[in-house]
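Atom set for the values below is all heavy atoms of this structure, side chains included, hydrogens, waters and symmetry mates excluded. Throughout, protein chains are lettered first and strands after them, A, B, ... in sequence-line order, and every chain is numbered starting at 1.
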Protein chains: 2
Amino acid sequence: MNANSLTIEDAPHTVQSIHDTILERICLLDFHPGQQLKEADLATEFGVSRTPVRDALSRITHLNLIETRNGVGTVVKELPDQKIADVYTTRLELAPLIGTLSTTKITQVHLDKIQDLILRAKNLDDEKSSRSYVLINHELHQLLCDLISNSVLRSFWRQTYYQAASVWYRIADIAGEASILSLVNELTELQTALKNQDLIAVGHIQRIYIGYGYARIQQYLFDSKTK
Amino acid sequence: MNANSLTIEDAPHTVQSIHDTILERICLLDFHPGQQLKEADLATEFGVSRTPVRDALSRITHLNLIETRNGVGTVVKELPDQKIADVYTTRLELAPLIGTLSTTKITQVHLDKIQDLILRAKNLDDEKSSRSYVLINHELHQLLCDLISNSVLRSFWRQTYYQAASVWYRIADIAGEASILSLVNELTELQTALKNQDLIAVGHIQRIYIGYGYARIQQYLFDSKTK
DNA sequence: ACTTCTTAAGCTGTATACAGCTATACTGAT
DNA sequence: ATCAGTATAGCTGTATACAGCTTAAGAAGT
């Protein structure tokens, strides 16, 4: 359940593993926007000095997800509406490229994985399971990255995912049932496309459902500010 | 001529300025692929300790332009052909988005700049002026970035530029006249588009000339390996 | 001459001490 | 009671010492 804290003394934490852990926590909202991240605290948690932690944080800064100010601290950024719009607009354009730029062969492993995700998504409860909702999306993202053969596109797809994730998952908590239904439909359509070895379709499905997700964000987030 | 080394004691170097300087040197081939970058040397040159230099290098690592191995050193990466192909393929797709996702108003400053670049490009000599060729392209890139209003797209456009630049400029040394002629034509077409406030056209022009550049790379770089 | 082991040089990775910046709480005068 | 000024706590930024890894040169045995 909490693999990270259990491995403190098992495996020595590298800069990369610390980077990944912090990034994942930001995505999964364990570190929420506005929260202060203290280098010293993270260092003691991971059992290292501040040096590797600083290194990891420094890289995350490039994703525009945290901001470090001298003398003050490091805080998780609250993305302004315009930045969120930029991320989603770009993501909408990147999605179809997954199909046109990829030549990956879909294997049984992929099919098994999507089947697993569908089953878990169907068991989601409106209340209490927001964590599971997030995890399913997270694993779906990794599955899709595995299908993208162009390394640069994969990198960009990941970057926009990291930037979009925390906003998107916050909305899911509010939207509840609508988000869950949408996810089940998305997974089912993806399964069909994968069975047909149709990566072009995968790209377009992504494009469609990112559009739905963005619509929910505009509805629940942006609208609530203008009232 | 050598502004960087002159400012050693003028302004205190920040991590950001060190990062930018090293990155620019890699792009402009002052640091060529395969070259070893020693943290200690860079530190003494910039008049700081290894700590900020390490920070800067660590961020550049994420652009896949350098590689640091423990006990060995930091070397400028020689991108394999497949990676170059990935960069250019993605860049071809991003180019049209410059037009469709931007709403920037073109000002007289932009027009003056492109006029300046055209004059300088027309004065390029086949021999001896490869440095000027690189600088004109570099400034053109900054001009285009200034036109991209979507912050995420701008970031991605920059990233692909950094990754493509060193390969592209190495080819220009070989191709010589062909590259220069192509640049003059590109700048002239861009000037027309800018005068018409037509960012869509700007995007398509970029798309076209990136294609030409990639064709030259395939001709001079990839072909020479298969003989 | 050749192979193998040892050793040393040179680099990056990490820990730690300290300098510098910022926000806040507190003090004192008005 | 209010406000200006000051002291202080707590954070990040930097310098430095040292540990650990890698490579290559050289010595010793065959």
Side-chain angles (χ1 to χ4, degrees), chain A residues 4-5 7-23 25-26 30-78, chain B residues 4-5 7-23 25-26 30-78:
Chain A
N4 293 319
S5 59
T7 53
I8 284 181
E9 289 185 315
D10 294 8
H13 283 282
T14 67
V15 171
Q16 187 62 46
S17 76
I18 295 171
H19 170 272
D20 293 345
T21 302
I22 296 175
L23 191 54
R25 288 187 189 173
I26 294 175
D30 294 330
F31 292 156
H32 56 81
Q35 181 170 348
Q36 186 180 191
L37 307 180
K38 299 173 193 173
E39 296 174 357
D41 289 356
L42 291 168
T44 54
E45 179 193 337
F46 291 119
V48 295
S49 79
R50 275 179 55 214
T51 309
V53 174
R54 276 183 63 78
D55 201 345
L57 288 175
S58 166
R59 296 183 192 181
I60 296 177
T61 303
H62 260 210
L63 283 173
N64 202 33
L65 290 174
I66 61 176
E67 188 172 17
T68 297
R69 282 194 305 163
N70 186 7
V72 181
T74 305
V75 295
V76 181
K77 268 198 183 178
E78 185 116 34
Chain B
N4 292 319
S5 57
T7 55
I8 284 181
E9 287 183 317
D10 293 9
H13 284 281
T14 67
V15 171
Q16 187 62 46
S17 76
I18 295 171
H19 170 272
D20 293 345
T21 302
I22 296 176
L23 191 54
R25 288 188 189 174
I26 294 175
D30 294 328
F31 292 156
H32 56 81
Q35 182 170 347
Q36 186 179 192
L37 307 180
K38 298 174 193 173
E39 296 175 357
D41 290 355
L42 291 168
T44 55
E45 179 193 336
F46 291 119
V48 295
S49 78
R50 275 179 55 214
T51 310
V53 174
R54 277 182 63 78
D55 201 343
L57 288 175
S58 167
R59 295 184 193 181
I60 297 177
T61 303
H62 260 210
L63 282 173
N64 203 32
L65 289 175
I66 60 177
E67 187 171 19
T68 297
R69 284 193 305 163
N70 186 7
V72 181
T74 304
V75 295
V76 181
K77 269 198 185 180
E78 185 117 36

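Going from atom CG of B:D55 over to atom OG1 of A:T51 covers 11.0 Å, rounded to the nearest 0.5 Å. Here the straight-line distance linking atom CD of B:Q16 with atom CZ of B:R59 works out to 6.0 Å at 0.5 Å rounding. Atom OG1 of residue B:T14 and atom NE2 of residue B:H19 lie 11.0 Å apart, to the nearest 0.5 angstrom.
Within a heavy-atom distance below 4.0 Å of DNA chain C, the residues of residues 49-58 of chain B found are B:R50, B:R54. Contacts between residues 63-74 of chain A and DNA chain D, counted as heavy-atom distances below 4.0 Å, involve A:T68, A:R69, A:N70, A:G71, A:V72, A:G73, A:T74.
Two residues are said to be in side-chain contact when any heavy atoms from C-beta on lie closer than 4.5 Å; A:R25 and A:Q35 fail this criterion.
With rounding to whole Å, A:H19 atom NE2 is found 16 Å from C:dG13 atom P. Rounded to an integer number of Å, the gap from B:Q36 CD to D:dA24 P is 11 Å. Rounded to whole Å, the distance from CZ on A:R59 to C1' on C:dG13 is 12 Å. A:L37 has its CG atom 18 Å from the P atom of D:dG10, to the nearest Å. Summarising the geometry, the separation between NZ on A:K38 and C1' on D:dG13 is reported as 18 Å, rounded to the nearest angstrom. Taking atom CD of residue A:E39 and atom P of nucleotide C:dC21, one finds them 17 Å apart after rounding to whole Å.
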Under 3.5 Å, sequence neighbours excluded: what are the donor-acceptor pairs made by side chains of residues 63-78 of chain B?
unit_1: B:N64; atom_1: OD1; unit_2: B:K77; atom_2: NZ; d: 2.5
unit_1: B:T68; atom_1: OG1; unit_2: B:T74; atom_2: OG1; d: 3.0

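The nearest pair of heavy atoms linking A:I18 to A:P52 is CD1-CB, 4.3 Å. The two residues A:V48 and A:H13 make their nearest non-hydrogen contact at CG1-O, 4.2 Å.
Judged by distance alone, the side chain of B:S58 and the main-chain N or O of B:R54 form no donor-acceptor pair under 3.5 Å.
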